[in-house]
Amino acid sequence: QMAKFYRFFSLVLVSLALAVVGAGCGDDGGGGNSKPDVGNNDINKILCVGDSITDGECVPAGAPYPARLGGLTGKSVINAGACGEKSGGGAGRIGGLLSRHQPGYVCILYGANDALFGLSTEEVIRNLRSIIQACKNNKSLPIIATLTPTYDGHGFAAGTLREYSAAIRSLAKEEGARLVDLE
C-alpha cells in the first residue's frame with residue numbers, strides 16, 4: 001500500500017510542476033514565449049491549497065509535495081494545505097490566502113475528505129468553482145487537479161472520487177482553468 005501512495009505522490013508532484021511551468025509558457029503571437037498576466041501578483045509564487053495530500057504533515061511521505069514543487073519549478077511555494085479539510089473550508093479560506101500571499105499560481109487539490117464524508121458532487125464542484133473564481137478575480141492562475149485513487153481503508157470512496165474527478169474535468173473546461181489529471 002505504501003508503494004502505491006509514493007507512486008501517487010510522485011504523480012501529483014511531477015504533474016503539478018509541469019502544469020505550473022507550462023502555464024508560464026504561452027505563445028505571445030510573436031513566436032516567443034510570454035508570461036501570463038497575473039496583475040500585481042508574484043509570478044514566482046505558487047500557493048498550494050488542499051487537504052492532507054497538500055499539507056503533508058499528517059501523511060507518511062516525507063516532505064510534502066509543495067516543498068518539493070519549489071525545487072522543481074524554481075518558484076517560491078506556500079503550503080496552505082490543512083489536514084482533514086474539505087473543499088468548503090478551502091472556499092472559505094481562499095480569499096484571505098490570496099490577499100495575504102498574492103501568488104501568480106494556485107494549485108488546488110480538494111475532494112478526498114469530501115468523499116469520505118459523503119458530500120454531493122454538486123456541493124464539491126460549487127466549492128471548487130468558488131475557489132477558481134476567487135483565483136481568477138485575483139488574477140492568480142488556478143491549476144486544479146483531479147483526485148488520486150484511494151489507498152488503505154478508503155476504498156469505499158473510490159466511486160465517489162471518480163465521480164468528483166469527472167466533474168472536476170468539466171469544471172476546469174468551463175472555467176478555463178489548467179487541469180492536472182491524476183486519475
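Just so it is clear, the values below take in all heavy atoms, side chains as well, and ignore hydrogens, waters and symmetry mates.
Side chain of S165 to backbone of L161: a donor-acceptor contact under 3.5 angstrom is found.
With rounding to the nearest 0.5 Å, the separation of CG in L109 from CG in L147 is 6.5 Å. Summarising the geometry, atom CD1 belonging to I53 is positioned 10.5 Å from atom SG belonging to C83; distances are rounded to the nearest 0.5 Å. Here the straight-line distance linking atom CD1 of I125 with atom OG of S120 works out to 9.5 Å at 0.5 Å rounding. Distance OG/S140 to NE2/H101: 11.0 Å, rounded to 0.5 Å.
Considering I94, I108, N79, N41 as possible partners of L47, the one that fulfils the side-chain contact (heavy atoms from CB on, under 4.5 Å) test is I94.
Between T54 and P66 the shortest side-chain heavy-atom distance falls below 4.5 Å. Side chains of R169 and T146 form a contact here, defined as non-hydrogen atoms less than 4.5 Å apart. Counting heavy atoms from C-beta on, the side chains of E175 and Q133 come closer than 4.5 Å. Using a 4.5 Å heavy-atom threshold, the side chains of L141 and R178 count as separate. At least one side-chain heavy atom of C107 sits less than 4.5 Å from a side-chain heavy atom of I46. Using a 4.5 Å heavy-atom threshold, the side chains of L128 and I168 count as touching. Between P103 and L98 the shortest side-chain heavy-atom distance falls below 4.5 Å. Counting only heavy atoms from C-beta outward, the side chains of P142 and Y105 never approach each other to under 4.5 Å.
Note on residues 81-92: pairs passing side chain to side chain donor-acceptor pair (under 3.5 Å), not counting sequence neighbours, are E85-R93, E85-Y110, S87-D114, S87-N127.
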Begin with the C-alpha distance, continue with both residues' side-chain angles, and end with the deciding distance and a verdict on side chain to side chain contact (heavy atoms under 4.5 Å, CB included) for V106 and I143. CA-CA 6 Å; V106 179; I143 300 169; over 6 Å; no

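Applying the side chain to side chain contact (heavy atoms under 4.5 Å, CB included) test to A112 and every residue at least two apart in sequence or in another chain returns D51. Considering only residues two or more places apart in sequence or on other chains, Q102 meets the side-chain hydrogen bond (donor to acceptor under 3.5 Å, both in side chains) condition with none of them.
Across L69 and C48, no two heavy atoms sit closer than the pair CD2-SG, 3.9 Å. What you find for I131 and G90 is that their closest heavy atoms are CD1-C, 3.8 Å.
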